[in-house]
Chemist: 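What follows is a structure written as C-alpha cells; I'll ask about it next.
Indexing begins at 1, ligand by ligand and atom by atom, following the structure's order. By convention here, the first residue in the shown sequence is residue 1. Side chains included, hydrogens not; waters and symmetry mates left out as well; all remaining heavy atoms used.
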Amino acid sequence: MINNEGNTMSINDSPAIASQSPAEPVQMSRRRLLLGSAGAMASVSLLGLSPLAKAAEPKTLPDYVRWKNANDMIVHSANTIETQRGAVGSGVVTASDKLYVRNNLPAPDANIVADRDAWKITFEGVNSPQSLTLGDLKKIGVETVTTVLQCSGNGRAYYEHGPGGTQWGTGAAGCLIWTGVPLREVVAKLGGVKPGMNYITSTGGETLPEGLDPNTIMVERSVPVKALDQALLAWDMNDEPMPLAHGGPLRMVVPGYFGVNNVKYVDRVAFTEGQSDAKIQASGYRIRPIGEKGAPDQPSMWEMSVKSWVTAPLTTASQGKNLIYGVAFGGMNAVSKVEVSADGGETWKKARFLGPDMGRYAWRPFVVSMDLSAGDHRIVSRATDTDGNTQPPTRTENERGYGNTSWKDHGVTVTVS
Ligand SMILES: Nc1nc2c(c(=O)[nH]1)N[C@H]1C(S)=C(S)[C@@H](COP(=O)(O)O)O[C@H]1N2
Ligand SMILES: [Mo]
C-alpha cells in the first residue's frame, strides 16, 4: 500500500481533506518528496525494498501528543498513531501515554480544554431540549466504566486486497477507565426521549475547514437508541481529565461499540428518528463487498465482536518453558475463555486470565505456559465470549478492511532457539 496515511480515507476516500490539516506538514512534505524526481524509486522503497527510505518515515510525535511515550508508538501520520504490539503489558488498563490516536480531522485547539466546566453540550430529541455545561453534567450523576476502545480498521494490515486507510496491526485498541455521567440520567433530567426516536446522534466539536460541505467531513455518528443502557458522557480517562487528543473536555463513550462511535469533544447529543446524513455515518464505516461503494443499507460499524491477540513473545524465544501473554475481549459480551496454540491451531491449550475483572466491556490480559522446541512456531490465540461466540479462523473480506477478528491473521511467528 503506497497510500497508507488513511487519516481521512475512511470518510470519503479522498485525499483532498488531508491538505486541510495544519497538523500534516511532516506527512505532506514527505509525500511531496516522494512525488518528486526520485518518485519512482521512492515508491518502490515504500514497499519495503529500501532500508534507506524506511528510515525516512515520520517517527516524531506531533505536538498535540508530544506527551506520549514515543517508544511505545508507531506514527503512521500526524492523525493516526498506533500502539506497538509489545507495549501492551500484562496490566488491564492501557496507560494514556501508550493509547493509540485516530483523528478524522485535525485535533481542535487546546483552548477548548482551558475552561473544561464551561464546555457546552446541546441536547435535542428529548422532551425538554436544552444546552448544559460540563459543570452542569457533573451535578447530575457519575459512574465509572472500563471499556475497550478499538478502531474499526484495527487488523486492516492483514487484508490482502490492500484496503486504503491506515495499515493498523493490533495497536488501534486500548482498555481505558472512563468516568462521567450515564447518558440515561441526563435524559431523565431532560424529560425523557421523545417518542419515535431510534438513534443517539453525537456530534464532534471540531471546527470544520471552510469551503467544504460539512456533511462530507464532520464527525457525527448515530448508534441505536438501545445503547442508552450503557452510554456515558465522560470527562475523565484513566482518572485524569480527558486529554484533548482523546476527546477532552467531554467524550461520548459507547461501551461495546467500535471507536468511531465514541465521539470526541462532543458538543451535541440528539435523539433522532433516522441516522445522521454525515458521510462518516451514511456511507463511511460500512461493511461491503470488495470493490463496492458505501451505502446506508450496509451494516454499520457498531457492536464489536470477540477478539484476542498475543502480545509476547513476538519474534524470538528460548527453548523450553515460555510464558505467552496476550489480551482478549468480547465486545458486547464478557470474554469467557482463551486458548493458545503454538502450532498454528493444530493443538490448543487453555490460558488463564490475569489481573482483576473490570467488567464485560474491558479486556482481560491472559497468560499460558508452553513448552517450545527449537524452530519456528506459529503462535495464535482464540477467544470465546459468554454467549459462546468464538473468533473465526479467517476474516470476513470487505472493501475497507473493517472488523478483523481472524485468529489466523493475528498470529505471530516466533523463532525458538
Ligand atoms: N470528534 C471526533 N471523534 C472521534 C474521531 C474524530 O476524528 N473526531 N475519531 C473516531 C475514531 S475513527 C476512533 S477509532 C476513535 C479514536 O479514539 P482515540 O483517538 O482517543 O484513540 O475516536 C473516534 N471519535
Ligand atoms: Mo476508527
Chemist: I'd like to know if Arg288 pairs up with Glu399 as an ion pair, taking the criterion as any Lys NZ or Arg NE/NH1/NH2 lying under 4.0 Å from an Asp or Glu carboxylate oxygen.
Modeler: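 No.
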Chemist: Listed by chain and number, what are the side-chain contact (heavy atoms from CB on, under 4.5 Å) partners of Ile74, not counting sequence neighbours?
Modeler: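 Counting only residues at least two positions away or on another chain, Ile74 forms a side-chain contact (heavy atoms from CB on, under 4.5 Å) with His76, Glu82, Gln84.
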Chemist: Salt bridge (charged side-chain N to carboxylate O under 4.0 Å, His left out): which pairs involve residues 130-149, sequence neighbours left out?
Modeler: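 Residue pairs with at least one partner in residues 130-149: Asp117-Lys138, Glu143-Arg184.
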Chemist: Can a donor-acceptor pair be found, under 3.5 Å and without considering hydrogens, that links the side chain of Gln167 to the backbone of Gly165?
Modeler: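 Yes: the side chain of Gln167 pairs with the backbone of Gly165.
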Chemist: Does any pair with a residue in residues 193-234 pass ring-ring contact (aromatic ring centres under 6.0 Å, His included), and if so which ones, sequence neighbours excluded?
Modeler: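 Found none.
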Chemist: Check the surroundings of atom CD in Glu240: do more than 12 heavy atoms from other residues, nucleotides or ligands lie under 6.0 Å from it?
Modeler: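 No - once you tally the heavy atoms of other residues, nucleotides and ligands closer than 6.0 Å, there are 12 at most.
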Chemist: List, pair by pair, the atoms of ligand 1 and of the protein that are both N or O and lie under 3.5 Å apart, giving the separation rounded to 0.1 Å.
Modeler:
from, atom 1, to, atom 2, distance (Å)
ligand 1, 1 (N), Glu206, OE1, 3.1
ligand 1, 1 (N), Glu206, OE2, 3.2
ligand 1, 1 (N), Lys264, O, 3.0
ligand 1, 3 (N), Lys264, N, 2.9
ligand 1, 7 (O), Asn104, N, 2.7
ligand 1, 7 (O), Asn104, ND2, 2.9
ligand 1, 8 (N), Glu206, OE2, 2.7
ligand 1, 9 (N), Arg102, O, 3.3
ligand 1, 9 (N), Asn104, ND2, 3.1
ligand 1, 17 (O), Arg251, NH2, 2.9
ligand 1, 19 (O), Arg102, N, 3.0
ligand 1, 19 (O), Lys264, NZ, 2.6
ligand 1, 20 (O), His246, ND1, 2.7
ligand 1, 20 (O), Arg251, NH1, 2.7
ligand 1, 21 (O), Tyr100, O, 2.7
ligand 1, 22 (O), Arg251, NH2, 3.0
ligand 1, 24 (N), Asn262, O, 3.0

